[in-house]
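Residue numbers begin at 1 in each chain, while the letters A, B, ... track the order of the sequences.
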Amino acid sequence: MLTMRPRGTNDIMPGEVETWQYLERQLRHICGEYGYAEIRTPIFEHTELFLRGVGDTTDIVEKEMYTFIDRGERSVTLRPEGTASAVRAYLEDKLYAGSQPVKLYYTGPMFRYDRPQAGRYRQFHQFGVEVFGSHDPAVDAEVIAMSMDFYGRIGLKNLALHVNSVGCPACRPHLRRQLQDFFRPRLASLCPNCRERYEKNPLRILDCKESRCSELGAEAPTTIDCLCDSCLTHFASVKKHLDLLHLPYIVDRRLVRGLDYYTHTAFEIMAPDIGAQSSIGGGGRYNGLVETCGGPPTPGIGYALGLERIILAMKNQGCAIPRSPGLDVFVVTAGKAAEHTAFHLLFKIRRAGISADKDYLNRSLKAQMKYAGKAGTRFAVIIGEEELKSDTAVVRDMDAQEQATVAMGEVIKYLQAKMRHAPRLP
RNA sequence: GUGGGUAUAGCUCAGAUGGAUAGAGCACCAGAUUGUGGCUCUGGGGGUCGUGGGUUCGAGUCCCAUUACCCACCCCA
């Protein structure tokens, strides 16, 4: 146990972490372009926030939360998603009092106690955005388009964008009644799960993956059939705005999504070839959530994407993932006498803004060269007895296999000139 | 929470029907006429065979349990 990480968690090691940094860089960049500001909320919150915010009949709350009692006997929970915290912060820090809309983004680890599987972990990482304070369907389209824009920039292809409207408090009861009327005679044929859903949340039956249920549900009235006029208008406008951007989408009448707080627009992005957990992002509008959490009636919309699944999809699609460049310089010593001079030079090189390292294992010249070569270092700066005597250093270009003897005082200038005239190829 | 598969060196894996000092490739380290990397050659260090029980004269190999990983259900990112 001592040397094993907890189930469903991952170490992101050198070699892999560069991919994460790359994605985080791209995400921050795109947020800047779209006018979203970063928010950093705690990784744990009072349990009641998620009970209220996520919905206490959801799977997340019913069986997936990491909840514990702290030393002050408060029940706290490792966040299973990001929206609830954003809403809490919006209220606690009174962002509703400032200019609207408020456009936020966040990224970081989320926690759900679930059985690990391809693309599913107990600690996983999400990036998400939330927009508070606007009813405008164009915002729905912006949020959707922003996610699609991001996927495109990192080179993901063959994605399917599913959109739907799940209605509002005005049309939900109507839909609920229609669905119950429809399923009542077929109740016996539904899976046990869906028999429960019939009472608690018949909408979710449409989302069931059991083949029997989905066959039965094929003829069922869907959310779209029961939408009120304002919902229909809103949905039409969202689609119109997506059309304006030439964003292809599939109207998926069966798309419901598992969190209770969604109203109006719901959407999900699916990637092929990453296993059964094919959703790489999703979101929707949650006009009632802020009020549910004790705030003023405030419209909101957001989405979240899973970084692990994005990376999985990128690997499977062969997307280019930038590698970190090697060191610029490795300072090599031949003989112990040169150690002091080498150490001093190493720091002068670094202070000049050139990345550099040296051997700390007392290795032979040959071994140091080998190490430098393997690490992809651009230059070796070699100091031995002869160089000490003449106050010089040998600067070797590892790729070009050329070297020159340079006066010690000129080494940095020489390196800078070399790097300027022949920048390293990626 | 349910089901299936896997677990042997740092990595990828060999090790029929139980009986060698448990192997290979890659990686790592050191050498190849004593100050120079990537190729080649030679040599070397490394494994309580996931863990704990059991069967047996004898278990990496069979049985049970346990843990982890992989995959699927479920759900979702």
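Nearest heavy atom pair, residue A:L159 against residue A:Y151, reads CD1-CB, 3.4 Å. What you find for A:L307 and A:Q126 is that their closest heavy atoms are CD2-C, 3.6 Å. What you find for A:F267 and A:S147 is that their closest heavy atoms are CE1-OG, 4.4 Å. Scanning both residues, A:R122 and A:Y113, for their nearest heavy atoms gives NH1-CE1, 3.3 Å.
Residue A:L159 contributes atom CG, which lies 14 Å from atom C1' of B:A77 at whole-angstrom precision. The interatomic distance linking A:Q117 (CD) with B:A68 (P) rounds to 16 Å, in whole Å. A:I60 places its CD1 atom 17 Å from the P atom of B:C74, with the value rounded to the nearest Å. The interatomic distance linking A:R115 (CZ) with B:G5 (P) rounds to 13 Å, in whole Å. The distance between atom CG of A:N10 and atom C1' of B:A68, rounded to the nearest whole Å, is 13 Å. Between the P atom of B:A77 and the CD1 atom of A:I269 lies a distance of 11 Å, rounded to the nearest Å. Across the protein-nucleic acid pair, A:M369 atom CE and B:G31 atom P stand 15 Å apart, rounded to whole Å. In this structure, NZ of A:K374 is placed 7 Å from C1' of B:C28, rounded to the nearest angstrom.
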| request: Quick one: do A:F330 and A:Y371 satisfy ring pair (Phe, Tyr, Trp, His ring centres under 6.0 Å)? Show the steps, please. | output: CA-CA 9 Å; A:F330 198 83; A:Y371 180 87; 5.4 Å; yes

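With P as the reference atom, B:G25 and B:U40 are 14 Å apart, rounded to whole Å. Rounded to whole Å, the separation between the C1' atoms of B:C28 and B:C73 comes to 43 Å. Rounded to a whole angstrom, the distance from the P atom of B:A68 to that of B:C63 is 22 Å. On the P atoms, B:U17 is 14 Å away from B:A7, given to the nearest whole Å. With both ends at atom C1', the span from B:G19 to B:C26 equals 32 Å, rounded to whole Å. Taking the P atoms as reference points, B:C11 lies 26 Å from B:U21, given to the whole Å. Here the separation of B:G10 from B:G50, taken at their P atoms, is 13 Å to the nearest Å. Distance check on atom P: B:G60 versus B:A22 gives 10 Å, rounded to whole Å.
For A:R309 against B:C76, a side-chain-to-base donor-acceptor contact under 3.5 Å is present. Between the side chain of A:Q368 and the base of B:U36, no donor-acceptor pair of N or O atoms lies under 3.5 Å. Between the side chain of A:E385 and the base of B:G35, no donor-acceptor pair under 3.5 Å is found. Scanning atom types as modelled, one donor and one acceptor separated by under 3.5 angstrom connect the side chain of A:E387 and the base of B:G35.
Under a cut-off of 6.0 angstrom, the local environment of CZ in A:R184 is crowded, with over 12 non-hydrogen atoms contributed by other residues, nucleotides or ligands. Within a 6.0 Å radius of CD in A:E385, other residues, nucleotides and ligands contribute 12 heavy atoms or fewer.
With centroids closer than 5.5 Å and planes inclined by less than 30 degrees as the test, A:F124 and the base of B:A77 pass as a stacked pair.
A cation-pi arrangement is absent between A:R112 and A:Y66, since the terminal nitrogen or guanidinium carbon is not both under 6.0 Å from the aromatic centre and inside a 45° cone about the axis.
Within 4.0 Å of A:A380, counting heavy atoms only, lies no atom of the nucleic acid at all. Residue-level contact check: A:E386 touches the bases, meaning some heavy atom is under 4.0 Å from a base atom. Across all strands, A:G8 comes closer than 4.0 Å only to sugar-phosphate atoms, never to a base (heavy-atom distances). Across all strands, A:Y121 comes closer than 4.0 Å to base atoms (heavy-atom distances). Within 4.0 Å of A:R363, counting heavy atoms only, lie sugar-phosphate atoms of the nucleic acid but no base atom.
Comment: A:E38 engages A:R28 in a salt bridge, judged by a side-chain N to carboxylate O separation of less than 4.0 angstrom.
Side-chain nitrogen and oxygen atoms of A:R112 include none within less than 4.0 Å of the OP1 or OP2 phosphate oxygen of B:C76. Contact annotation: A:K366 reaches the phosphate of B:G37 (side-chain N/O to OP1 or OP2, under 4.0 Å).
Listed nucleotides B:U36, B:C29, B:C76 differ in distance to A:R396; the shortest reach to its side chain belongs to B:U36. Nearest nucleotide to the A:R7 side chain, out of B:U36, B:C74, B:A68: B:A68. Which of B:C71, B:G38, B:C73 sits closest to the side chain of A:A118 comes down to B:C71. Of the listed nucleotides (B:U36, B:U67, B:G35), B:U67 has the atom at the smallest distance from the side chain of A:M4. Nearest nucleotide to the A:R120 side chain, out of B:C29, B:G37, B:C74: B:C74. In this structure, of B:C73, B:G37, B:G35, it is B:G37 that holds the atom nearest to the side chain of A:K370. Ranking B:C74, B:U36, B:G37 by closeness to the A:I382 side chain, first place goes to B:U36.
Position along RNA chain B of the nearest nucleotide to A:G275 versus A:E64 favours A:G275 as the more 5'-ward residue.
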| field | Bracket notation of RNA chain B in which parentheses pair within the strand, [ ] cross earlier pairs, and | pairs with another strand (Watson-Crick or G-U, under 3.5 Å) | value | (((((((..((((.....[...)))).(((((.......))))).....(((((..]....))))))))))))....

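Side chains of A:M110 and A:Q123 form no contact here, defined as non-hydrogen atoms less than 4.5 Å apart.
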